Amino acid sequence: MGPGRLSRALLLHCRRALGAARCPLKPPYGRSLGAAAAFRLCAPQRPPDGRAGGRGRWKGAAGAGRDDDNNDDDEDEEEEEEGDEDEEDDAELEELLGPSPLGPQFGAHRVAVVHPAVRWGPKKPLLTTAELQMAEAVALVDTLQNWTVLDKIIIPTKNPDKKFIFGKGNFEALTERIKKLPHVTAVFLNVERISSVTKKELEDAWGVKVFDRYTVVLHIFRCNARTKEAKLQIALAEIPLLRSNLKTEVSHLDQQRGGSRYIMGSGETFMETQNRLLREKELKIRNALEKLRKKRSLLRTQRRKREFPIISVMGYTNCGKTTLIKALTGDAGIQPRDQLFATLDITAHAGYLPSHMAVIYVDTIGFLSELPHNLVESFSATLEEVAYSDLIVHVRDITHPETILQKASVLSVLKDLNLPSHLLESMVEVHNKVDLIESYQPTEENALAISALHGHGLEELKEEIEKKILEATGKKMLTITVNLQGPQLSWLYKESTVQEVDVMPDDGTARVKVIISNSAFGKYRNLFPNSKFFVS
Ligand SMILES: Nc1nc2c(ncn2[C@@H]2O[C@H](COP(=O)(O)OP(=O)(O)OP(=O)(O)O)[C@@H](O)[C@H]2O)c(=O)[nH]1
Ligand SMILES: [Mg+2]
């Protein structure tokens with residue numbers, strides 16, 4: 001099987017991205033953030049030196065020469081069956097998602113961004129400043145089309161987590177400033193979550209909508225979600241918001257109706273009915289997600305059968321993960337964007353390492369520090385995939401003023417994912433965007449400096465990835481001379497990954513470049529003791 005064959009095998013797994021964005025996002029603007037997961041496999045670029053070769057030479061790739069034809073037929077059928085199922089699932093999904101249950105409040109907004117800053121005491125953040133946190137909050141708002149920042153207000157507070165975030169004097173000054181803003185329609189309070197009671201009180205005091213970080217990030221996610229899985233995860237993350245909205249709604253209704261809360265004949269109060277409906281919705285979403293997860297695990301098994309090593313590319317949002325994968329694979333379908341949470345779906349893309357080993361790069365959701373807990377939880381399942389990879393590449397935007405904080409955030413999420421320790425130990429750290437810094441030299445040991453955008457340092461990175469992949473998979477790369485009359489070649493196709501076959505017609509032999517496990521190689525030597533080999 002040549003590269004074309006490999007592409008076909010990979011393309012069999014291609015999953016089309018579903019649906020278009022529901023709500024508009026701004027075109028690329030300044031600095032941004034990022035996020036998460038479904039499976040799309042795309043065709044690889046040609047191997048580095050193409051197919052043209054010497055005498056009778058062609059290049060194979062991982063999984064070459066297996067009984068793939070049979071598999072392909074099965075898979076074609078599977079694909080058809082999946083197509084029917086997909087239609088059913090789509091209908092269910094539409095029902096589950098519908099328009100944003102958070103209502104029309106997310107139209108156009110003229111926003112005052114308020115950041116409660118802890119300037120001293122144990123709650124003071126260490127690796128950042130109030131100004132940088134404000135810049136990140138503004139970047140979030142800027143991502144949304146039709147949202148404009150009218151004012152940026154940093155207000156000191158001792159403890160932004162307490163019920164009334166601000167002291168009395170500061171609150172009055174803030175209220176006065178907000179009320180003076182021309183045509184302000186919303187306040188984005190840059191805290192993780194505010195309770196429905198606080199939200200209501202602030203909205204009453206300021207006369208405009210008040211959004212917390214959870215709501216804004218969720219809205220951006222909703223705008224960027226393309227696949228079923230991402231949409232379902234967002235729907236799941238919306239449930240807590242719907243629950244807290246419900247409380248406010250019910251207390252409002254109670255005031256209006258003077259406490260008559262029973263729904264006629266049902267024995268259930270309005271609150272109980274709505275809560276039950278929310279629980280049912282949550283269950284349906286979880287079931288639908290579970291179904292998708294099973295499909296993903298099937299795909300994983302199929303990839304394992306073909307032995308494509310998997311490399312997960314991870315990092316803080318906007319650090320350049322998608323750009324790097326595009327550069328490593330030449331996948332023209334990839335669209336990096338200077339936008340918050342540009343990648344909300346895990347996608348997989350095939351590429352080649354220097355020895356022509358075919359690998360799969362997995363693009364992942366970007367991280368954001370202080371990403372609301374519920375949101376992380378509903379998306380973390382998509383990151384399960386990372387545990388099945390052979391290597392993690394951690395990309396860092398080394399030009400970002402908070403690059404150290406970003407590294408700490410990424411490492412802390414990775415730690416929480418309970419990944420196998422060897423994955424964390426073998427992680428490759430990449431310092432990206434070095435084209436923006438003159439004569440950049442990494443201070444961290446073993447970090448590689450690259451520019452994904454301009455292609456600098458990519459050959460060194462591929463070499464490093466190849467070295468680590470061979471270590472991780474316990475395989476070696478060998479060139480074995482086989483007699484074409486004998487059974488060696490078909491044995492190697494069955495038991496190893498044939499990379500390249502170089503036929504020597506004059507003496508009826510071929511040089512076969514393989515990636516082979518230690519145990520398979522032991523067997524080969526027992527079976528064919530006279531066969532010559534050398535390390536590639
Ligand atoms: N100057 C420079 N810009 C880069 C480089 N790599 C990426 N960028 C830019 O950084 C922005 C974000 O790139 P992406 O590849 O979308 O980043 P990401 O990590 O996938 O972002 P999310 O999917 O949002 O998490 C884009 O505008 C890229 O053009 C680089 O090496 N140098
Ligand atoms: Mg991306």
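Quick caveat, the model's predicted, so the values are computed rather than measured. No hydrogens, no waters, no symmetry mates; every other heavy atom, side chains included, goes into these values. Residue numbers count from 1 along this sequence.
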_Note, Asn432 side chain near Leu324 side chain (heavy atom, < 4.5 Å)_ = no

Heavy-atom nearest pair, Lys433 first then Asn318, reads NZ-O, 2.9 Å

Min side-chain heavy-atom separation Ile469-Ile311 under 4.5 Å: yes

Closest non-hydrogen contact found for Ala117 with Ala130 is CB-CB, 3.7 Å

Parallel, tilted or perpendicular, judged at 30° and 60°: which one describes the rings of His400 and Tyr316? tilted

* To do: Carefully, step by step, assess Arg177 and Ile153 under the rule side-chain contact (heavy atoms from CB on, under 4.5 Å).
  => CA-CA 9 Å; Arg177 184 156 162 188; Ile153 312 167; 3.7 Å; yes

Practice problem: For residues Ile450 and His431, determine if any side-chain heavy atom of one lies less than 4.5 Å from a side-chain heavy atom of the other. | Solution: no

By side chain to side chain donor-acceptor pair (under 3.5 Å), Glu282 pairs with (sequence neighbours left out) Arg243, Arg286

Rounded to the nearest 0.5 angstrom, the CD1-CD distance for Ile392 and Glu429 is 12.5 Å

* Report yes or no: do Thr148 and Arg110 form a side-chain donor-acceptor pair below 3.5 Å? => no

All heavy atoms of Ala205 vs all of Thr175, minimum pair found to be O-CG2, 3.9 Å

Can you confirm whether more than 12 heavy atoms, excluding those of Ile404, are under 6.0 Å from its CD1 atom? no

Exercise. Using a 4.5 Å cut-off on heavy atoms from C-beta on, say whether the side chain of Val187 contacts that of Leu202.
Key: no

Quick note, ring-ring contact (aromatic ring centres under 6.0 Å, His included) partners involving residues 167-189, not counting sequence neighbours, are Phe171-Trp206

CG (Leu423) and OG (Ser312) are apart, to the nearest 0.5 Å, by 8.0 Å

Here the pair of heavy atoms bringing Met427 nearest to Lys468 is O-NZ, 4.1 Å

### Task
Please determine if Glu444 and Arg396 form a salt bridge, counting it only when a charged side-chain N lies under 4.0 Å from a carboxylate O.
yes

dist Thr215:OG1 -> Ile194:CD1 (nearest 0.5 Å) comes out at 7.0 Å

d(Glu238 CD, Leu278 CG) to nearest 0.5 Å is 11.0 Å

dist Leu236:CG -> Lys284:NZ (nearest 0.5 Å) comes out at 14.5 Å

Tell me yes or no: between the side chains of Thr329 and His349, is some donor less than 3.5 Å from an acceptor?
no

| Worked verdict on Glu136 versus Arg213 for salt bridge (Lys or Arg N to Asp or Glu O under 4.0 Å) | CA-CA 11 Å; Glu136 193 173 75; Arg213 206 167 155 90; 2.9 Å; yes

When rounded to the nearest 0.5 Å, the distance separating NZ of Lys291 from CG of Leu232 is 10.5 Å

Query raised in the report: Would you say Val313 and Val362 make side-chain contact, with heavy atoms under 4.5 Å?
Result: no

Check your understanding: Hey, does His109 have a side-chain heavy atom less than 4.5 Å from the side chain of Asn146?
Key -> no

Q: Verify the distance criterion only: is there a donor paired with an acceptor across the side chains of Ser195 and Thr198 at less than 3.5 Å?
A: yes

Between Glu280 and Arg276, is there a salt bridge with N-O shorter than 4.0 Å? yes

* Start with the C-alpha distance between Asn190 and Val114, add both sets of side-chain angles, then the distance that settles side-chain contact (heavy atoms from CB on, under 4.5 Å), and finish with yes or no. => CA-CA 6 Å; Asn190 192 26; Val114 175; over 6 Å; no

Heavy atoms of Pro116 and Leu189 approach each other most closely as CG-CD1, 4.3 Å

Please examine the side chains of Thr403 and Asp397, heavy atoms only from C-beta on, and report whether any two atoms are closer than 4.5 Å.
-> no

With a 4.0 Å cut-off, would you call Lys321 and Asp363 a salt bridge?
no

When every non-hydrogen atom of Ser389 is compared with those of Ile310, the smallest separation belongs to CB-O, 3.4 Å

